[in-house]
Protein chains: 2
Amino acid sequence: MTNNHAPDDTDTTTLTIDEGSVPAPSKRRLESRRRILAAARQLFVERGYHGTRPQDISKAAGVGHGTFYLHFADKLECFLAFAEEASKELEMFGEQHHTHEAQTLKEGVHEILSVIFNYSEENPGVLAAAMTDINVLATEEMDMPMPDQRWAEQWGDNVKEWQAKGEVAADIDPLFAGHVLLGMIRQVGSYGARAETTKEEVLEKLTQAMIRMLTD
Amino acid sequence: MTNNHAPDDTDTTTLTIDEGSVPAPSKRRLESRRRILAAARQLFVERGYHGTRPQDISKAAGVGHGTFYLHFADKLECFLAFAEEASKELEMFGEQHHTHEAQTLKEGVHEILSVIFNYSEENPGVLAAAMTDINVLATEEMDMPMPDQRWAEQWGDNVKEWQAKGEVAADIDPLFAGHVLLGMIRQVGSYGARAETTKEEVLEKLTQAMIRMLTD
DNA sequence: GCTGAATCTGACAATTTGTCAACTCACGAT
DNA sequence: ATCGTGAGTTGACAAATTGTCAGATTCAGC
C-alpha cells in the first residue's frame, strides 16, 4: 500500500494555511476533501464501519474512485478524519452556544451536557462515532491523541478547576474522573438514542449521576 | 453474498445440543469453529477490526480459507461471535471466582469489579472488544442483545437489588444506572490499560467512583 | 490566451472476499 | 475389518474490492 496522499506535514484535518513550510491547498482540493468527508460521515453513521466501503464514499461524494486515495490512505484514515472533524465541530458548537458562566458545579455540568446533547440531536450518530474507542478498530499507536482521550482530559481539567473551587471532592483524581465522566456520557448517549425516553430526562439523570460521582 | 454456513437455528455461539430439532454438530465441526474463534480473538486483539482479514483468521486457525465462510457469513459475524464468547467466559469466570456473599454495597461492587479486572489481566484486550458498542461497526438490528447491553441490564438488576436493601439512593433509575456503570467500567478499563498505574489503584478508584454515584 | 503545476479520473493491476466441485473423514451398518 | 454415506473441509477460481498511476482536466498566474 503506497501512500499517495498529500505530504504528512499538511494538517490533514482542517488543511489550514501553514505559513512558509507548505503551500496552502487549493480550493479545489479542499472542496474535494470536504465532499469526501461529508459522504463518509453519512455512510459511517448509516451503515457503520464494517458496511462502508471506500468506493461507496467516493461515489457518494461525486468524485473519482482514485480521488479517495489521494486524500486518505485507507478507510481507517478516513474514519479517523471524520471523527476528528466531528470533535472539532462539537468544540465550536460549544463555543457558539455558550450562554453564561456557570455559577455552580451542577450548572457547569448541565451546560456542557446540554451542548453535547443538542449537538447530538442535530447530528444523529456522529458523536457516537467520534467518541469511539479507536482501539477496537486499530491497535497501532496513533499520531495524535484521539478525540475521546482529549475529551477525557478536558473533563479532567474541568474537574480540577471545580476541585480548586471546592465544588468537587478533594480526594478525587481529576484525570481519572475525566475518564469516568467520558465513559458515562458515551454509554448514556448510546442508551438514550435507543431508549424510549426524552432528551431532557436523560440530561437530568446524567447530570445528577455525574454530580453524585463528583461530590461527597 | 450467499450464506453457506450452518442453518440459522443452530446456536452459533456454543453449538450446544438442541434436543430433537437439529442434530448436534460433530466434534470435527466444533473443533474447526473453536480454532477459528481462537485465531480470530488473537488477531482482533492484536490488530483491531480494521487490520484483521478473514484470510488471516483462517490461516492462523490452520483451516482452509473457505472453511471460514462455512462458520461465519463475514468478518463482522465472526467478531460478534468472539465478543459473545468472551462475554460468556467472563460470566463463567465470575462464577468460578465468586468468593462470598457481599455484606455491603462497596464489597459487592468491589467484588464484581475484581472479577472483571482479573479476567482482563489474564485476557488482555478481550473485554475491550467484547464490550464494544457494536453500533460503530454496524447499524442494523442485531438478532440478539449485544454483550454490552446485557451487562448494562445486569448491572441495572444489581442496582435494583441494592436499592431494595436501602444501599442505593431511592431516586436512582436502576436501568439508567446500569448503563452509567457500564460506561464507567468501559472507559476506565481502556484508560487503565494505558495509564501508568496499578490495577489495584484503578480498582479502588473505580469502586469509589461507582459508590459515590450510587449513594447520597 | 498560454503554460505548467495541481488535482482528478477511471482503467487496470493487485488483493481480498466469497463460492462450490472435488476431496476427506468419521461413523454406523454389515 | 470393510464399505457406504453424509458431514465437513479444501483451495482453485469467480466475483468483488482496494489501490495505482498514466493520461486528462482544471485553474491560477503571467
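In what follows, chains carry the letters A, B, and so on, assigned in the order in which the sequence lines appear, proteins first and then strands, with residues in each chain numbered from 1.
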Would you mind reading off the distance between [X] atom [atom1] and [N] atom [atom2], rounded to a whole angstrom?
X: A/Arg34; N: C/dC8; atom1: CZ; atom2: P; value: 13 Å
X: B/Asp74; N: C/dT19; atom1: CG; atom2: P; value: 10 Å
X: B/Ile36; N: C/dT17; atom1: CD1; atom2: P; value: 14 Å
X: A/Lys75; N: D/dT18; atom1: NZ; atom2: P; value: 7 Å
X: A/Tyr69; N: C/dA13; atom1: OH; atom2: C1'; value: 13 Å

Can you name the salt bridge (Lys or Arg N to Asp or Glu O under 4.0 Å) partners of B/Lys75, sequence neighbours left out?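 Expected list: none.
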Ignoring hydrogens and angles, write down the donor-acceptor pairs under 3.5 Å from the side chains of residues 41-49 of chain B, residues two or more places apart or on other chains.
from	atom 1	to	atom 2	distance (Å)
B/Arg41	NH1	B/Glu89	OE1	3.2
B/Arg41	NH1	B/Glu89	OE2	3.4
B/Arg41	NH2	B/Glu85	OE1	3.1
B/Arg41	NH2	B/Glu89	OE2	2.9
B/Gln42	NE2	B/Glu46	OE2	3.1
B/Arg47	NH1	B/Asp56	OD2	3.0
B/Tyr49	OH	A/His50	ND1	2.5
B/Tyr49	OH	B/Leu76	N	3.3

Can a side chain N or O of A/Gln55 be found less than 4.0 Å away from OP1 or OP2 on D/dT18?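 For D/dT18, OP1/OP2 do have a side-chain N/O of A/Gln55 under 4.0 Å.
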Given protein heavy atoms under 4.0 Å, the one-letter contact record of nucleotides 4-11 of chain D, with B base, S sugar-phosphate only and - none, is simply ---BBBBB
I need the full list of salt bridge (charged side-chain N to carboxylate O under 4.0 Å, His left out) pairs touching residues 190-202 of chain B, with sequence neighbours left out, sorted by first then second residue.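 Output for this query lists B/Glu121-B/Lys199, B/Glu201-B/Lys205.
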Tell me the salt bridge (charged side-chain N to carboxylate O under 4.0 Å, His left out) pairs involving residues 60-72 of chain B, sequence neighbours left out?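 Pairs touching residues 60-72 of chain B that pass the test: none.
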Quick one: pull up CG in A/Leu80 and CD1 in A/Ile134 and give me the separation to the nearest 0.5 Å.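 It comes to 5.0 Å.
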Under the side chain to side chain contact (heavy atoms under 4.5 Å, CB included) rule, collect the residues that match up with B/Glu204, sequence neighbours excluded.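 B/Glu204 satisfies side chain to side chain contact (heavy atoms under 4.5 Å, CB included) with B/His110 only.
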Contact nearer the 5' end of DNA chain C, comparing B/Lys27 with B/Asp56: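 Looking at the nearest nucleotide for each, B/Asp56 comes out on the 5' side.
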